[in-house]
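Heads up: the structure comes next, in structure tokens.
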2 protein chains.
Amino acid sequence: MRTELPVLPELRLDIPRPDVAEAAATAAVLGDPVRAGILALLRSGPHCVCEMAAALGERQNNVSNHLARLRRAGLVRASRHMVDARWVYYERAEPACAAALDRLGSLLR
Amino acid sequence: MRTELPVLPELRLDIPRPDVAEAAATAAVLGDPVRAGILALLRSGPHCVCEMAAALGERQNNVSNHLARLRRAGLVRASRHMVDARWVYYERAEPACAAALDRLGSLLR
DNA sequence: AGCCCATCTCAGCAGGAACTGATACGATCC
DNA sequence: GGATCGTATCAGTTCCTGCTGAGATGGGCT
């Protein structure tokens, strides 16, 4: 197959570099199965670490590591349980998730 | 801060593992600055490899490598120029891009 | 106080992905 | 035909990232 329009190949070598650093960083955070699984789990409401570790079949410290990265990205929030504060419950930070999806939309429209 | 509702921490350890393999793979493809830059560039229409390499400040073979991965993911299509078939022009595969954004939306709502 | 529990953090290692350099391919021009 | 151009592919190196194990932290129970 061949492109149709331009009669002569006029190269454009002065195109400015698009700023995609934030979008790529966002995608990189979602690009791991464990982190993606965590976000999917949290769509149905808050969960504690051990619940997510069991659902994903991963070790707790591994899940905790990924949660730390999601926290640094601002996509989730942690809060201790009201009755037994040993349990740490995580929930999605909805505005940040919406903003993240917007950034990805700026790549894929 | 503490979560409010549950009086006793009743753990749910039987949550099924969500299927996020495709969404995570899609995000991983977008998670590189060069690939994200390519997709951003192609939003304004088709471009050949050397144009994108110049705009991104990357070497041609490196850009070509990333294009191959985007091609394998189905996000872009390649076609040779009508007049001078040495130039390979790339354009976005819109349906696949829309599907990719849908998969990411299934994680972020 | 001591002990247990859920979670966090970190150094170390192992696997994979990205960049490089060289080479090969397909196409045009002479 | 040979030379050159734009691009693709591949092995090698480097760099990054995820998993592991052990220890630390903070909270609850007796």
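So you know, we letter chains A, B, ... as the sequences are listed, proteins then strands, and number each from 1. In what follows, every heavy atom counts, from backbone to side chain, and hydrogens, waters and symmetry copies are set aside.
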**Message:** I need the CZ-P distance between B:Arg69 and C:dG16, as an integer number of Å.
**Reply:** 13 Å
**Nucleic acid contacts of residues 54-61 of chain B, taken as heavy-atom distances under 4.0 Å to DNA chain C** = B:Arg59, B:Asn61
**Prompt:** Is any side-chain N or O of A:Arg35 closer than 4.0 Å to OP1 or OP2 of D:dG18?
**Reply:** yes
**Request:** Could you tell me whether the phosphate oxygens of D:dA8, OP1 or OP2, come under 4.0 Å of any side-chain nitrogen or oxygen in B:Tyr90?
**Result:** yes
**From CG (A:Asp32) to NE2 (A:His66), nearest 0.5 Å** = 4.5 Å
**Item:** Atom pair OH/CG of B:Tyr90 and B:Leu41 - distance to nearest 0.5 Å
**Value:** 14.0 Å
**Complete:** The nucleotide from D:dG27, C:dA17, D:dT20 with an atom nearest the side chain of A:Ala85 is D:dG27
**Prompt:** Could you state the CG-P distance from A:Asn62 to C:dC8, rounded to the nearest angstrom?
**Reply:** 12 Å
**Prompt:** Which whole-number value in Å describes the distance from A:Asp84 CG to D:dG26 P?
**Reply:** 17 Å
**Partner set under side chain to side chain contact (heavy atoms under 4.5 Å, CB included) for B:Val29, not counting sequence neighbours** = B:Arg35, B:Arg69, B:Leu70, B:Ala73, B:Leu75
**Message:** Are B:Ile38 and B:Tyr89 linked, directly or through intermediate hydrophobic residues, by side-chain heavy-atom contacts shorter than 4.5 Å (ILVMFWY only)?
**Reply:** no
**Message:** Using a heavy-atom cut-off of 4.0 Å across all strands, would you classify A:Asn65 as base, sugar-phosphate, or nothing?
**Reply:** base
**Item:** Between C:dA6 (P) and A:Leu67 (CG): distance, integer Å
**Value:** 16 Å
**Nearest listed nucleotide, side chain of B:Cys48, among D:dG28, D:dG18, D:dT7** = D:dT7
**Asked** Separation of A:His81 atom NE2 from C:dT7 atom C1', in whole Å?
**Response** 15 Å
**Prompt:** Which nucleotide sits closest to the side chain of B:His66: D:dA8, C:dC19, C:dT7?
**Reply:** C:dC19
Identify every side-chain donor-acceptor pair in residues 48-60 of chain A under 3.5 Å, counting partners at least two apart or on other chains, and give the distances.
| unit_1 | atom_1 | unit_2 | atom_2 | d |
| --- | --- | --- | --- | --- |
| A:Glu51 | OE1 | A:His47 | ND1 | 3.0 |
| A:Glu51 | OE1 | A:Cys48 | N | 3.3 |
| A:Glu51 | OE2 | B:Arg12 | N | 2.8 |
| A:Glu58 | OE1 | A:Asn62 | ND2 | 3.0 |

**Asked** Whole Å only: how far is the OH atom of A:Tyr89 from the P atom of D:dG27?
**Response** 17 Å
**Message:** Expressed as a whole number of angstroms, how long is the span from B:Trp87:CH2 to C:dG26:C1'?
**Reply:** 13 Å
**Item:** Atom CD of A:Glu22: over 12 foreign heavy atoms under 6.0 Å
**Value:** no
**Candidate nucleotides D:dG18, C:dA18, D:dT4, ranked by approach to the side chain of A:Asp32 - the nearest** = D:dG18
**Item:** D:dT25 phosphate, OP1 or OP2, under 4.0 Å from A:Arg86 side-chain N/O
**Value:** no
**Distance (rounded to the nearest 0.5 Å) between B:Asp102 CG and B:Leu107 CG** = 11.5 Å
**d(CG, B:Leu11; C1', C:dC5) in whole Å** = 12 Å
